[in-house]
Amino acid sequence: MKSLLRDRKTALFVLVLVAILAVILPLVLEPFRLNLVGKYLTYAFVALGLVLCWGDAGILSLGQGIFFGLGGYCMAMFLKLQASTPEATKIQSTPGIPDFMDWNQITTLPWFWQPFHSLAFSIVAVAAVPMLLALIIGLSMFKRRVGGTYFAIITQAIASILTILIIGQQGYTGGVNGITDLRTLNGWDIRTDHAKLILYFVTIALLLVCLGGAHFIRCSKLGRILVAMREREDRVRFSGYDVASFKTFVFCFAAAMAGIGGAMFTLQVGFMSPSFVGIVPSIEMVIYCAVGGRTSLLGVIYGTLLVNWARTSFSETMPQVWMFAMGALFVFIVVVLPGGLASLYRTYLDPYISRLLGSSSKAPVHAGREADHANG
Amino acid sequence: MQTGNEPLLSVTDLTVSFDGFRAVNDLSFSVREGELRVIIGPNGAGKTTVLDLICGRTRATSGSIRFKGTELTRLKEHEIVRAGVGRKFQNPSIYEDLTVFENLEISYPKGRGIMGSLIFRRDTAVVERVNEVARTIFLDDQLDRRAEDLSHGQKQWLELGMLLIQDPALLMLDEPVAGMTVSERVKTAALLKDIIRTRSVIVIEHDMGFVEEIAHQVTVLHQGRILSEGSMEHVKNDPRVIEVYLGH
Ligand SMILES: Nc1ncnc2c1ncn2[C@@H]1O[C@H](COP(=O)(O)OP(=O)(O)OP(=O)(O)O)[C@@H](O)[C@H]1O
Ligand SMILES: [Mg+2]
């Protein structure tokens, strides 16, 4: 009975989301603004991963930019190779390699660039490379029982190391400018308005797939184990579960999500640079998640959109204020509204909607967790 | 020793030292199939530490713990659980945010791997087993309640149920009746008597009345060593025990 209501609610919420993203926004926004929304949505992938990793399992990663960036770079490498045909680069001293390599006196394509000639490989790498790094970090940290603040700090350190590495290895990575001037995907020009519209819809479709995946995990026993781990790690261990491998799993899952987001970012924005990898973007991603409500999948999608929209409006009018506004927002959320926007919804809207959906049963008493699932 | 009558658990020369302080010192004892052994002793005697060592929470400095022929000191916590050792903590350790049903379901020994837990389904076998255990621990009418809302005694039972559903060959209980009302205590004693018909149990308890009611074998621990061991009658009349523990 209750679960039927919950299913109906979930379906309704997803429908509303799809209506907003796929119908209303494309109708009312000009292409430039819609492309911005598409860009914002790529951060929502990261936020979805954080719901499971941070919201459910309690593992705070302040380094999701690492995975977002890696996914974005994998896509950018493919696109860059496409844009660096010998004909297009014939004025270089070594034609056929990316321009920044040529500027840095590199004469052959490095080995790790070679596989990115293949689209199939690149698509797999978008999720696999972040997952692999997350697997290494996860195994080495969680098996040693590193958690909480220490883990958060280590992820930050890795984010900043990766940034330094990318900037320092200019010849291989494009340095501080990143990988720019991306043009076509298998001959399809990604810079046109039409292509951007299509990429926008692809982003929505992928986001829905990821949402479904995350929802499936949360509804499974694995989802309950994640929450149980956050509350009583020892009990989970002494119920016969290998806590470290569950943590590693959810961390890898979040990394893969972030990687997919990063790749869609590259495709829509047309470049990838180290400024999306470091500490600041990583923390911002956590803020999107906190604002939306870190235990609500749909909540964080709206949270991401809202914060990014505010950010754009701010930086268009008074850019210097933005960092402070963001900081203030975070403090406000943490102190006043730890459940984020989703908790506002749960208190004020959910009882009303439950009634509207026809069931005479009263709103669930422990709205918190029930609504977690209802919300996606 | 012959495998035929080898005890279920044998602890030999077990020592753990925390920065030079030997909380458990050259301890040896064994538990047979179907035996209920009670460990008593003054505060800080090392009782909880002994359980921590057996279940892998604390690593032994030296010594051996053999369970069904496997050396436990080398295994990880979850491997020890899977080998058949269940542990109840001194303070009720349950998932407050989940319902009684979900608490028991998570403890159900199926789908403990990543894939397994992803495809785990709440089938009739699970539901039946959860109901069965819930009846045993007097919580069959509380299945939909959040664990947080249970009374202290009920929480203790729930944790006991979470162990029972794993069906361990050895059950280790750290002060299972602490904080219980008199009637809850009586029910728990009956419950334990029922439980030990099919498994071995180690109980740590301060409540002497309760100990007398349930114990087969009593081990008195003092400063990490065994002070006295034997039947309750024997232990109670041991002058050293009276001096350090029962006297006050
Ligand atoms: N991880 C640890 N590090 C340092 N000292 C410890 C640790 N664990 C236990 N001890 C010490 O070992 C001694 C034995 O502790 P233990 O908890 O086993 O006692 P106990 O017999 O269970 O006492 P109680 O009846 O109060 O529960 C105590 O002095 C305690 O301070
Ligand atoms: Mg103790």
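All values below come from the heavy atoms of this structure, side chains included, with hydrogens, waters and symmetry mates left out.
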Self-check item: Side chain A:Arg232, main chain B:Tyr95, donor-acceptor under 3.5 Å
Solution: no
Quiz item: Does B:Ser107 offer a backbone N or O that forms a donor-acceptor pair with the side chain of A:Tyr241 under 3.5 Å?
Solution: no
Self-check item: Carboxylate-amine/guanidinium contact A:Asp242 B:Lys76, below 4.0 Å
Solution: no
Quiz item: Do the charged groups of A:Arg145 and B:Glu77 touch, with an N to O distance under 4.0 Å?
Solution: yes
Practice problem: Apply side chain to side chain contact (heavy atoms under 4.5 Å, CB included) to A:Arg230 and B:Asp97, showing your working. | Solution: CA-CA 11 Å; A:Arg230 179 188 69 201; B:Asp97 239 18; 4.2 Å; yes
Can you tell if the side chain of [X] reaches within under 4.5 Å of the side chain of [Y], non-hydrogen atoms only?
{"X": "A:Lys221", "Y": "B:Arg121", "value": "no"}
{"X": "A:Phe246", "Y": "B:Ser117", "value": "yes"}
{"X": "B:Phe120", "Y": "A:Ser220", "value": "no"}
{"X": "B:Phe89", "Y": "A:Arg235", "value": "yes"}
{"X": "A:Arg237", "Y": "B:Ile80", "value": "no"}

In terms of heavy-atom contacts, does [atom1] of [X] have more than 12 from other residues, nucleotides or ligands at under 6.0 Å?
{"X": "B:Arg59", "atom1": "CZ", "result": "yes"}
{"X": "B:Lys110", "atom1": "NZ", "result": "no"}
{"X": "B:Arg22", "atom1": "CZ", "result": "no"}

Quiz item: Using a heavy-atom distance cut-off of less than 4.5 Å, which residues of residues 163-181 of chain B contact chain A?
Solution: B:Leu163, B:Gln166
Quiz item: So which of B:Glu105, B:Met162, B:Glu79 has the biggest tally of heavy-atom pairs under 4.5 Å with chain A?
Solution: B:Glu105
Practice problem: Could you check which of B:Val85, B:Leu118, B:Asn103, B:Ile119 has the highest count of heavy-atom pairs closer than 4.5 Å to chain A? | Solution: B:Leu118
Exercise. Find the one option among A:Gly223, A:Ala228, A:Ser239, A:Gly240 whose heavy-atom pairs under 4.5 Å with chain B are most numerous.
Key: A:Gly240
Quiz prompt | Contact origin within B:Glu159 toward chain A - heavy atom pairs under 4.5 Å | solution = side chain
Quiz item: Which region of B:Arg57, side chain (C-beta onward) or backbone (N, CA, C, O), has a non-hydrogen atom less than 4.5 Å from a non-hydrogen atom of chain A, or is it both or neither?
Solution: both
Quiz item: So which part of A:Val236 gets closer than 4.5 Å to some heavy atom of chain B, the side chain, the backbone, both or neither?
Solution: both
